[in-house]
Amino acid sequence: MNETFQHASVLLDEVVHLLDGCRRILDGTAGAGGHALRLTEAGAEVLALDRDPSAVAAASARLAGTRSRVLSLDFADAAHHPEVRAFRPDGILLDLGLSSPQIDDPARGFTFRPGTVLDMRMEGKGETGETGETGEKGITAAEWLNTADETEIVDVFHNYGDERRARAIARQVVKRRATRPFAISEDLVGAIRGALGPQSGPSDFARLFQAVRIVVNGELERLERALPDLFDLLEPGGVMAVIAYHSGEDRIVKHRFRDWARACVCPPEQPRCTCGGKPRGTLLTRHPVEASPDEVARNPRARSARLRAIRKAA
């Protein structure tokens, strides 16, 4: 196990229970390999993926000597990858949260600790490309804060950060960057405090830093694109399980799963059913599974986790 990349996997027992009976499991977000290892120990073969090179190294070390393996690949592109398609998974897991080492490493730029460079790209540092795509060709958090127009900043803080005073914060960002470009965590923290006042604190910073991370990495767009592709890839009778940590992520998963479990998916205004009235799957979690008080006490970052699962029709 890579000693520099250690992480407590969230809802571990619950995930193993929901995926019980699956023999070939695609873990689309390997992290430190905790879920993958437990699923391997339960008898499954796991193909684990991650877009973060540090996570790939850590998960590879943890799974060494088992019949499971790790690929350097973004789950949003997984359904079109030849090796993933050949794997024919009957179980799929997505744990959408960041691993603790990613959050805690100042070089990654996810934390609001003083002196942290505003990077936040999941693949780590790389050259900025011309296309504005995420990852090594994507913009950093600093670049986004320095170039996004005020309306876009308002939308991101409001929609991704659940911030009702998003407009005031966006004004602070635009005002401050005009005299000194944003570069480190204190720049964004200062803008937040400038709008919310001295009573603002870590919970505000965490929400708004998360909002910037989501837009920098295109996280909600990637999830929207990946879910139907991965569900199509899943073998009949297989199970898809997703752990979300943000209300926007959980909403996307909830609506997708609900639609797939409906008997009729025709538009409401359509006078009669033409889809055949056959649901594509059965919900295994009517309500999201949350971490127990004991788990939250051991790992406070589990408190926002929401686990949902669906079984694809045979």
Whether the Y160 and D155 side chains hold a donor-acceptor pair (N or O, under 3.5 Å, no angle test) is what I'd like checked. no
Please check if the number of heavy atoms outside H81 that lie under 6.0 Å from its NE2 is greater than 12. yes
Any side-chain heavy-atom pair from E219 and L96 closer than 4.5 angstrom? no
Quick one: do V70 and L73 end up in the same hydrophobic cluster if we chain Ile, Leu, Val, Met, Phe, Trp and Tyr together by side-chain heavy atoms under 4.5 Å apart? no
I need the F231 CZ to I310 CD1 distance, nearest 0.5 Å. 4.5 Å
Please determine if E235 and R23 form a salt bridge, counting it only when a charged side-chain N lies under 4.0 Å from a carboxylate O. no
In terms of side-chain geometry, is the basic nitrogen of D259 or R262 positioned less than 4.0 Å from the acidic oxygen of its partner? yes
Minimum heavy-atom separation for L19 to G91, with atom names? CD2-CA, 4.3 Å
Nearest heavy atoms of D232 and K312, plus distance in Å: O-NZ, 3.2 Å
Does a side-chain heavy-atom distance below 4.5 Å link T29 with I243? no
Taking NZ, NE, NH1 and NH2 as the nitrogens, is one of them in R177 or D187 under 4.0 Å from a carboxylate oxygen of the other? no
Here the gap from L18 atom CG to D13 atom CG, rounded to the nearest 0.5 Å, amounts to 11.0 Å
Under a 4.0 Å threshold between the charged nitrogen and the carboxylate oxygen, would E290 count as salt-bridged to R303? no
Does the side chain of S185 come within less than 4.5 Å of F205's, by heavy atoms? no
Pair D250 + R308: basic N to acidic O under 4.0 Å: yes
Grab the two heavy atoms, one from A261 and one from L283, that are nearest each other, plus how far apart they are. CB-CG, 3.8 Å
R24 side chain vs R88 backbone, donor-acceptor pair below 3.5 Å: yes
Honestly curious: do V84 and L227 fall in one hydrophobic cluster under the side-chain, below-4.5 Å linking rule? yes
Over all heavy atoms of both residues, which pair between L93 and V15 is shortest? Give the atoms and the distance, please. CD2-CG1, 3.9 Å
Would the number of heavy atoms belonging to other residues, nucleotides or ligands and lying under 6.0 Å from NE2 of H255 be above 12? yes
What pair of heavy atoms forms the shortest contact from R85 to L233, and how long is it? CA-CD1, 3.9 Å
Distance-minimising heavy-atom pair for N217 and R222: O-CD, 3.2 Å
Sole candidate of L208, V215, I192 that passes side chain to side chain contact (heavy atoms under 4.5 Å, CB included) when paired with F157: L208
Is the positively charged end of R176 above the ring of F182, judged by distance under 6.0 angstrom from the centroid and angle within 45° of the axis? no
Side-chain donor-acceptor pair present, S68, T40, cut-off under 3.5 Å: yes
